[in-house]
Q: 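Okay, here's the structure, questions in a sec.
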2 protein chains.
Amino acid sequence: MAYVNRTNAESGVNLLALRSHNAALVLDLLRTAGEGGISRLELAERTGLTPQAVSKITARLRADGLVAEAGRRASTGGKPRTVLRLVPEAGHAVGLHLDRDEMTVVLCDLTGAVVAERRVPLDLGAGADAVVESAAGEVEALLARAGVSVLGAGVALPGPLDHSRGVLHRVTGFPEWDGFPLRDALAGRLGVPVVVDKDTNAAALGIAVVGRESGIGKTGDVAPGPLESFAYLHLGTGLGAGLVIGGGVHRGARTGAGEFGHQVIQLDGPPCGCGNRGCIEALCLAAVDRGAVGEAARVLGVGAANLVGLLDIDLVLLGGRTVAAHEEAFVRGVGAVLEERARLEGVDDGAIPVRVAPGGARGVAEGAAQLLLAPLFGRGED
Amino acid sequence: MAYVNRTNAESGVNLLALRSHNAALVLDLLRTAGEGGISRLELAERTGLTPQAVSKITARLRADGLVAEAGRRASTGGKPRTVLRLVPEAGHAVGLHLDRDEMTVVLCDLTGAVVAERRVPLDLGAGADAVVESAAGEVEALLARAGVSVLGAGVALPGPLDHSRGVLHRVTGFPEWDGFPLRDALAGRLGVPVVVDKDTNAAALGIAVVGRESGIGKTGDVAPGPLESFAYLHLGTGLGAGLVIGGGVHRGARTGAGEFGHQVIQLDGPPCGCGNRGCIEALCLAAVDRGAVGEAARVLGVGAANLVGLLDIDLVLLGGRTVAAHEEAFVRGVGAVLEERARLEGVDDGAIPVRVAPGGARGVAEGAAQLLLAPLFGRGED
DNA sequence: TGCACTTTGGCAACAGCGTTGCGAAAGTGG
DNA sequence: CCACTTTCGCAACGCTGTTGCCAAAGTGCA
C-alpha cells in the first residue's frame, strides 16, 4: 500500500494518510506475529481500533494479496477465531552490503526472510563507477534467478554519509568515493528506488524490525517482539554505533549520528587516526592489538555505559569481526562495567543487558533490505 | 481540545484522534506565529491540508474560544487574508521549580508567557510533606490572586526521577525524598493534574517549545521557530543535560536519560562523588573550584562534542549558575572544542553552534508549565 | 440428537472527517 | 464604475471508523 510522502513540515493528516497509517500498523502486527498468525480480534485489541474497523482493513489487505487467512484458533466456547497471516511472497527487496573487501547481496521477502543470497569479493578502491557496475550486475543476476520484481534496493556501507540525499561523505581509506551520489547512480542503473545508509544503521534497523532478540518492555518485563530502544556497537576494523530510539533508527539532524568510535574517554590520551586524542576506537583497537581483550572490553564498556546513561536505552548489542573473535570476553567485560555503573547509581531494576547481536555476517545486508521494507510497516522516517 | 490518551501499544488512529491531531497542529502553528498571527491559507500550506479543512478546524477552535480573528493582511490584488491569533487567556498552567534553596512558581498563559510569578526560599531538607504543603500554598495563593483556573501544574526539580509515574528516585543530599510519589501527593492536594520532571528536561522543553532561540533547519539555514534538536547542558551545583530530539524531550526507556555529568571522559581519572572515576562533573567542577574556568570549559566541550557526535544535534545551549558566572569563557571554550572536532572530521557545514540558553533563572519554571501546555500543541509524548 | 449459549465476523446504516464545486465577499486597478 | 483577483464559507460528496444487528460456527449440557 502506498505510503504517503511527507515533505518538510507538512504533517497534517487527511483520511488517506489515516488509512495508510492504520494499514501499516496492522501489517506490522501481522509481520511480528510471524507464522503463528494473529486473529482480527487480537489486532483490534492491539491497535485500539474496533473489530469492525480491523475487518475492513484486513479485507482491503486481503484484496491486495498482502494478507491471507490461515486456519483457525481453538474455540473458547464459541466460533473460533480466524487466523490471519502476512503473505511473504507479496513483496521483495534487495539488501546490498558493500564492505571493504566483500560484497553481500540478499533478496528478502516481506517478512524480512532471506530467499536468495550471493557473496563475492570486492575492492572498494576500484573506483565508484566500477563498483556500482559490479554491484548492479550482481543484483540483476540475483533477481533474474529468483524471477521476482522488487520494491527497491537498500545499500549499506561503512563511513559517514548523507542518508537523506544518498550521497557519501567519504569512505575511510578510499578518497575517490568522497561526495559520490551513490543512491542516484545505482537507482539510475537498476531502475528501482534505492536507499543508502551506514552499515551500523542498517544492522540496527534489521535487529529493530526483525528482532530475533527478545524485547524488554517499559516495565522491565522481557517481552517478545521488536525492540524499542537499543544500541548496536560494531567493532571491526573500526568502531561505530547504530542507535535505535522509539523503535526507529536515530540518524540525527544531518544523518550523521552514531559517531561512537571517536567519543573521547581519555583526555589527552593516545592519538587516534582521526587527529584527536583518547578516542574509544583508538584505545580499544590498541588493546586488542596487544592481546589485552579484557582491557578492550573495559574501554568499550565505559563508552557503552556513557551511552546508556545519556540515552537510557534498554539493551546493548555487540557485533563485528573483532567482537566475534572474542564474544564471551567482550560480553562479560562490557557487562561488568554496566553493572558497576548501575550499582553506583543505585538503579533498582538492575543493569542494562549486554548481548551479542543476532544476524551474524549477513545482518548488515538483511538490514539494508529493511531500509525499503520497514516503511511498509510504518517503521520508516516517522 | 481534549487530547487522546495513548496506552501501551494502541496506536491505531480513528477519526477522533485525527481531529485532535490536526487541531493541535493548527494550534501549534498559531502559537508559533505569535502576535503577528497567521492566515488560513498559510496554515493550509504549512499543514498540507486544504484551505477548506483549515477553515473548518479554525471555526471549531474559534467556537471554543481558543482562536480569534485579529485584523487583516495587506491585499495582494484581491480579498486580503484574515489573520488568526491564539487567544492567550484561553488557558493557563502553573510551573513550579523546586530548587535546593529556592522555590519559583509561575503562572503561564497558553502562549507560555508568564502572567504571574512568585519566588520564595525553600529548604528541601524540611521533608516531603512540609515542602508539598508549602508549595501547594504558594500555588493556591498565586491562582487566587490571578483569579483563573488552570489545566494543571508542572513540577521540575533536580535529581533522577520517574517521569511517567511521577515518583522521585532520590534528590542528592536529601535521602528523605527517596521514592516519594510527588505527582500524586501534589495532585491530591491541589485537585488538578500534575506532571513531574527533571529540571534540565523542563528547561529544555521550555526552550524547545517557546524557542526564543533561532532554529537551525536541516539545510543549515537559520530559521525562526521552535528547535528540532539540541542539548541543554546545565552546570550549577551539579551537571546535567536535557536532550531535545525531533522537537520533543528525549527521556528514554525509564525516563532517566540525560545523565551527562557522570559521563566518563578520563579513564581512571579523579574520583567523583558518584563513586566512579573521571566523570565530567567532577573534572569540570574541580577546575572551576581552582579558578581554571578555561579548563572547565574544555572539559565540558569534550563532553559536548561526544554528545554532538553521537546524536548529531543542531545546537548546544549552556545554562546554570556556574555558566552564568563565566558566560563568555564557557561559550568560547566549548565552542573551540566543537570547532576543532568538526575540523578534524571534515564536516562541510561547520561546527555546531554553542550559545547561552535563554530563559535565565525563570527558565526552569516556565518549562515546567510547558509540561502541561505542550501536549495541547501536539508536543507531548508522541 | 437437539437445543441453549458463546463467540466471531460480515452487512447495513450512520456520524464525522477532509475534499470538491461553486458562489458571495472584499479588496485592487484601469 | 466595472473587470479582475483573492479569500473564504456553504453544500454535496467520498471515505473513514463506529454502531446495531444478524448469520455462522463452534461448545456443552440435557
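Side chains included, hydrogens not; waters and symmetry mates left out as well; all remaining heavy atoms used. Chain A is the first sequence line, chain B the second, and so forth, proteins listed ahead of strands; every chain is numbered from 1.
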Q: For Leu205(A), which of Asn201(A), Val209(A), Ile207(A) qualifies under side chain to side chain contact (heavy atoms under 4.5 Å, CB included)?
A: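 Among Asn201(A), Val209(A), Ile207(A), the one meeting side chain to side chain contact (heavy atoms under 4.5 Å, CB included) with Leu205(A) is Val209(A).
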Q: Return the minimal non-hydrogen interatomic distance between Arg251(A) and Asp312(B), and the atom names on each side.
A: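 Here Arg251(A) and Asp312(B) meet closest at O-OD2, 3.7 Å.
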Q: Provide the start and end nucleotides, 5' to 3', of the part of DNA chain C that has atoms under 4.0 Å from heavy atoms of chain A.
A: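 Footprint of chain A along DNA chain C, 5' to 3': dT6(C) to dT19(C).
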Q: Any salt bridge linking Arg379(B) with Asp28(B)? Criterion: basic side-chain nitrogen under 4.0 Å from a carboxylate oxygen.
A: yes
Q: Evaluate the side-chain proximity of Cys108(A) to Val115(A): yes if any heavy-atom separation is below 4.5 Å, no if none is.
A: no
Q: Can Glu69(A) and Arg85(A) be counted as an ion pair, charged N to O under 4.0 angstrom?
A: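 Answer for the salt bridge query: no.
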Q: Who pairs with Arg73(B) by side-chain hydrogen bond (donor to acceptor under 3.5 Å, both in side chains), at least two apart in sequence or on another chain?
A: Glu42(B)
Q: Could Asp184(B) and Arg165(B) be called an ion pair, given the rule that one side-chain N must be under 4.0 Å from one carboxylate O?
A: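 Looking at Arg165(B) together with Asp184(B), the answer is no, because their closest N to O distance does not fall below 4.0 Å.
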Q: Between protein and nucleotides 6-16 of chain D, map the contacts as a letter string: B base, S sugar-phosphate only, - none, heavy atoms under 4.0 Å, written 5' to 3'.
A: BBSBB---BBB
